[in-house]
Amino acid sequence: MNDIHIQESRDSYIIPAVDFVASTGKCIIKGESFLEETSKFYTELVDWLKDYVKNAKEIEFILQLKYFNTSTSKWILKMLSVLKQFELDGGKVKVLWYYYQDDADMRDDIKDYIYGSNLNIDMVPFTDN
Amino acid sequence: MESVNTNKRRATDNVCISYTGLFDSEILTILAQGIEGTLTSNDKVTKKVFKIFLELAQNISQYSLEREPNSSGESMGVGTMLIKEYDDYFQFSTGNKTTMESIIPVIEKCDNINSMTREKLREYRRLQRNMPASQKGGGNIGLIQVALTADNPIEYGVVKCEDNNYFYIVSVKINK
């Protein structure tokens, strides 16, 4: 199974950095997400997760998104849904979501994702310093 | 004809950034940099303005009735964006041409959003996230997100144009 490595970019729209590593089960999405073709970008990630969990025992999913637009927000929920199903099927799932300490909107949003996905998400505040 | 102006606050009209023209990825990137570079006094507020800009600008590029090809030949929406700064808040406004048929459901949605408490809005957003994405992928959540980010009501206006279409203006205040 191939890894996914995508570099963060602001050349055309705003693309987050992605690192999905099959050998470790560690998956990271970091930066900002405002894309023209959200569906095309995230379908690849959702499909990768679905493939990965077929033969995996555990997965670590890390989000560190400073900003994501609303079409991205639906795809985040889709990815979390894949992880929830994996957990229900006996897989071990760890989700970490880093957010700026002073970003109260993001904190509320993550809580809504915990409610919406029914997954245990560790909320980790951070600062630039 | 496109025009971009990014100025530090002008005493006369409070305008920080104004733009009228094509809303494609190239200009969105330039405007995003303009917002981050111009509204630097309060990082938390700048982030809010930035989020609102991206949501509303994407609406113009996808839904404006007035369209022009960009450099790649793709049809993109034409519209207007304006950011004004006052003592206690920023006012962020966008405008674009539309039809009455298209605008009625948007106005109803604005009224619905404005009638909700913050908790109700979050619940509404959770529900919408579980719904299938609209054809253009916007997810139908943009205006809910704008209201939640601004933490103020969405103001709107509709002006009839000479060609019998309408110019739809949406505006929100972002408190400092």
Side-chain angles (χ1 to χ4, degrees), chain A residues 8-16 31-43 46 65-82 84-85 99-119 121 125-129, chain B residues 23-30 32-33 36 42-59 61-62 70-72 74 76 118-119 121-151 174:
Chain A
E8 191 170 6
S9 158
R10 268 193 172 203
D11 292 342
S12 176
Y13 286 85
I14 301 170
I15 295 169
E32 297 167 298
S33 180
F34 174 76
L35 303 133
E36 187 173 21
E37 293 182 315
T38 314
S39 170
K40 190 177 167 191
F41 186 87
Y42 281 98
T43 297
V46 169
L65 289 167
K66 282 187 283 185
Y67 166 78
F68 52 87
N69 66 340
T70 51
S71 53
T72 299
S73 73
K74 292 177 90 82
W75 286 94
I76 292 173
L77 189 59
K78 281 185 189 179
M79 290 187 286
L80 295 176
S81 300
V82 173
K84 183 62 193 176
Q85 190 56 51
Y99 67 99
Y100 272 118
Q101 193 170 258
D102 63 350
D103 193 343
D105 290 344
M106 185 65 86
R107 195 169 55 231
D108 284 350
D109 214 356
I110 301 169
K111 286 178 186 170
D112 286 345
Y113 273 107
I114 293 171
Y115 185 88
S117 68
N118 209 17
L119 267 172
I121 299 174
F126 71 95
T127 60
D128 278 331
N129 303 319
Chain B
F23 277 69
D24 71 345
S25 64
E26 211 170 305
I27 195 69
L28 290 186
T29 307
I30 293 167
Q33 285 165 355
E36 289 179 320
N42 184 329
D43 192 40
K44 211 187 279 188
V45 175
T46 303
K47 274 184 199 160
K48 281 178 178 279
V49 175
F50 182 72
K51 282 184 191 179
I52 290 166
F53 157 70
L54 288 178
E55 292 297 341
L56 293 180
Q58 195 167 32
N59 282 352
S61 72
Q62 292 184 336
N70 66 4
S71 54
S72 315
E74 291 174 276
M76 306 301 288
R118 191 168 178 83
E119 286 311 304
L121 270 177
R122 283 173 63 186
E123 192 182 326
Y124 187 33
R125 183 176 63 183
R126 286 200 301 267
L127 283 172
Q128 291 292 322
R129 271 191 190 143
N130 273 315
M131 305 289 278
S134 66
Q135 204 177 0
K136 290 179 178 174
N140 218 16
I141 317 171
L143 284 174
I144 307 170
Q145 189 61 51
V146 167
L148 277 167
T149 305
D151 210 14
I174 301 112

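Naming convention: chains lettered A, B, ... in sequence-line order (proteins, then strands); numbering from 1 in each chain.
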Where does [X] contact chain A at under 4.5 Å (heavy atoms): side chain, backbone, both or neither?
{"X": "B:Arg122", "answer": "both"}
{"X": "B:Lys44", "answer": "side chain"}
{"X": "B:Asp151", "answer": "neither"}
{"X": "B:Glu119", "answer": "neither"}
{"X": "B:Leu28", "answer": "side chain"}

Measure distances from [X] to the heavy atoms of chain B and classify the residue's part below 4.5 Å as side chain, backbone, both or neither.
{"X": "A:Glu32", "result": "side chain"}
{"X": "A:Ile14", "result": "side chain"}
{"X": "A:Ser39", "result": "neither"}
{"X": "A:Asp109", "result": "both"}

Item to check | Whether A:Phe34 and A:Tyr67 hold their rings parallel, tilted or perpendicular, with breakpoints at 30° and 60° | outcome: tilted
Checklist entry - Taking the six-membered ring for Trp, are the ring centroids of A:Tyr99 and A:Phe126 within less than 6.0 Å of each other? => result no
Item to check | Closest-packed option against chain A by number of heavy-atom pairs under 4.5 Å, given B:Arg125, B:Lys48, B:Lys47 | outcome: B:Arg125
Checklist outcome for this item: Test side-chain contact (heavy atoms from CB on, under 4.5 Å), reference A:Thr38, set A:Ser71, A:Ser73, A:Ser33, output is A:Ser71
Next on the checklist: For A:Asn69, run the side chain to side chain donor-acceptor pair (under 3.5 Å) check against B:Glu55, B:Gln145, B:Gln58 and tell me which one passes.
Outcome noted: B:Gln58
Next on the checklist: Using a 4.5 angstrom heavy-atom cutoff, name the option from A:Leu77, A:Asp112, A:Ile76 with the most pairs to chain B.
Outcome noted: A:Asp112
Checklist outcome for this item: Nearest heavy-atom contact between B:Glu26 and B:Ser71 is OE1-OG, 3.9 Å
Item to check | Straight-line distance of B:Leu148 CG to B:Ile141 CD1, nearest 0.5 Å | outcome: 10.5 Å
Checklist entry - Is it true that A:Arg10 and B:Glu36 make a salt bridge, defined as a side-chain N closer than 4.0 Å to a carboxylate O? => result yes
Checklist entry - Distance under 6.0 Å and angle within 45° of the ring axis: does A:Lys66 meet both against B:Phe50? => result no
